[in-house]
Amino acid sequence: MVLAGPSLGDFYVLDGDDLVLGSDPFHADMVVRDIEVEPRHAEIQQEPRSGEYVLRGLSQAKDITVNGASLKGVDDGHRLSEGDRISLGDSVLEFSRDAVWASFHHELHRLINLDYLTGLLAKNRFDEEFEHYLEQAQSQDFPVSTLMADIDNLKKINDAHGHLLGEFVVGEIGRIIGEVHEEGRPATRFGGDEYQTCLPHLTKQEAREVAEEIRRRVEAYPFEHEEATVTPTLSLGVATYPEDGKTRAELTRAADEALYRAKRAGGNTVRV
C-alpha cells in the first residue's frame with residue numbers, strides 16, 4: 001500500500017506470482033508513478049515452501065530501503081514482515097497481511113483517486129499520470145496522445161427526461177471509455193460531460209483509431225434507464241506529443257480545439 005509519493009493511496013495485491021515493481025506499466029506488474037523510480041526497480045517473489053514474500057532490487061542505479069536499511073549489496077533480498085516500510089524514489093509503501101487494513105486502503109484509494117460517477121480517475125490523479133508519461137516521453141522519445149470527448153446531445157436528454165437520466169448517461173459513457181482504455185492508458189471525467197484520456201506510445205493515427213472505437217461503442221450502446229431509452233452520441237478531438245504541444249496544457253488545448261471542430265462538423269465524429 002502506498003503511504004507517500006505520487007501514487008498515494010494505491011495498493012497492490014500479492015497473489016503468489018513473481019511481480020516486478022517499477023514506474024513503467026508496460027514493463028512492471030506493480031506500477032509506482034514516480035519519476036525517481038526506475039521502469040523496473042524491484043521484484044517481489046513468494047517462496048513456495050514458507051509462503052514468505054522476498055523483496056529484491058533490480059536497478060543498479062537507485063537504492064531501495066526497508067525500514068531505513070539499504071538493500072544494496074543484500075544478494076538474497078529482504079523477507080517482508082507485517083508493517084515493513086519500503087522506500088524507493090519519493091514513494092513509501094507498506095507491506096501487510098491484515099485484511100482489515102487492506103480493506104481500509106481499498107476504500108481510501110477509491111475516495112482519493114476515482115471519480116464517483118464514472119469510475120475513471122479523479123481529475124487531479126489523471127493530471128499527475130499525464131505529467132508522468134510526458135516526462136518519460138521527453139527522456140525516452142516516444143509519442144503521447146490525448147483525447148478530449150464531449151457528449152453531443154446531453155442538454156436535450158436532460159430537458160426531455162430529467163437530470164438523473166443525464167447523470168446516468170454521463171456515468172455509462174465514462175464506463176465505456178474505461179473499458180476501451182487498458183492498463184497504462186488513464187482516463188478522467190474532465191468536468192460535466194467532458195472526458196479526457198492519455199494514450200502513451202500511441203501515434204496520432206493510432207489514437208484516432210481508439211477515438212473511433214469509443215465513438216462507435218457509444219453510438220451502438222443501449223442507454224436504457226427506468227423505462228426511458230436515449231441515444232446520445234460523442235464528439236472527440238485528438239492531439240499528440242510532440243507535434244501538437246510539449247506540455248499537458250498545450251496538448252489539452254490542441255485536443256480541445258480538435259473537439260470543437262468535431263462539434264462544428266455536426267457531432268458524432270472525430271477530428272485531429
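Note that the numbering runs from 1 along the sequence shown for the chain. Side chains included, hydrogens not; waters and symmetry mates left out as well; all remaining heavy atoms used. Remember, predicted model here, so these are calculated numbers, not experimental data.
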With the side chain counted from C-beta on, respond yes when Phe130 and Leu251 share a heavy-atom pair under 4.5 Å apart, and no when they do not.
-> yes

Flag side-chain contact, heavy atom, 4.5 Å: Thr240 against Glu206 | no

Going through the checks in order, is the salt bridge (Lys or Arg N to Asp or Glu O under 4.0 Å) test met by Arg175 and Glu179?
-> CA-CA 6 Å; Arg175 276 180 275 280; Glu179 288 171 0; over 6 Å; no

Polar contact flag, side-chain donor to acceptor under 3.5 angstrom, Asp152-Ser235 | yes

Would you mind reporting whether His78 and Ile86 have side-chain heavy atoms less than 4.5 Å apart?
-> no

Min side-chain heavy-atom separation Asp29-Tyr12 under 4.5 Å | no

So, does His181 use its side chain to make a donor-acceptor pair with the main chain of Ile177 at under 3.5 Å?
-> yes

Run the numbers on Glu257 and Arg253 for salt bridge (Lys or Arg N to Asp or Glu O under 4.0 Å), then give the verdict.
-> CA-CA 6 Å; Glu257 290 170 356; Arg253 189 177 303 113; 5.6 Å; no

Could you walk me through whether Glu38 and Ser23 pass the side-chain hydrogen bond (donor to acceptor under 3.5 Å, both in side chains) check?
-> CA-CA 6 Å; Glu38 296 289 334; Ser23 60; over 6 Å; no

Is any side-chain heavy atom of Arg185 closer than 4.5 Å to a side-chain heavy atom of Cys198?
-> no

Is it possible for you to say whether Ile176 and Leu154 belong to one hydrophobic cluster, with membership spreading through side-chain heavy-atom contacts below 4.5 Å?
-> yes

Would you say Arg189's side chain and Gly192's backbone share a donor-acceptor pair under 3.5 angstrom?
-> yes

Look at the side chain of Thr146 and the backbone N and O of Thr197, then say whether any donor-acceptor pair between them is shorter than 3.5 Å.
-> yes

Passes side-chain hydrogen bond (donor to acceptor under 3.5 Å, both in side chains), Glu219 versus Asn268? Steps please.
-> CA-CA 8 Å; Glu219 186 178 36; Asn268 194 26; 2.9 Å; yes

Is the backbone of Thr229 close enough, under 3.5 Å, to the side chain of Glu224 for a donor and an acceptor to pair up by distance?
-> no

Any side-chain heavy-atom pair of Glu167 and His163 under 4.5 Å = no

Are side-chain N/O atoms of Arg85 and Ser87 paired as donor and acceptor at under 3.5 Å?
-> no

Check whether Val180 and Leu234 end up in the same hydrophobic cluster, where Ile, Leu, Val, Met, Phe, Trp and Tyr are linked by side-chain heavy atoms less than 4.5 Å apart.
-> yes

Flag side-chain contact, heavy atom, 4.5 Å: Arg33 against Glu128 | no

Treat each ILVMFWY residue as a node, draw an edge where side-chain heavy atoms are under 4.5 Å apart, and state whether Leu80 and Val54 are in one component.
-> no

For Asn153 and Lys156, indicate whether the former's side chain and the latter's backbone hold a donor-acceptor pair under 3.5 Å.
-> no

Does the Asp63 side chain pair with the main chain of Ser70, one donor and one acceptor, at a distance under 3.5 Å?
-> no

Take Leu165 and Glu226 through the side-chain contact (heavy atoms from CB on, under 4.5 Å) test and state the conclusion after the steps.
-> CA-CA 8 Å; Leu165 185 59; Glu226 295 183 351; over 6 Å; no

Would you indicate whether the side-chain heavy atoms of Phe168 and Val230 approach each other to under 4.5 Å?
-> no

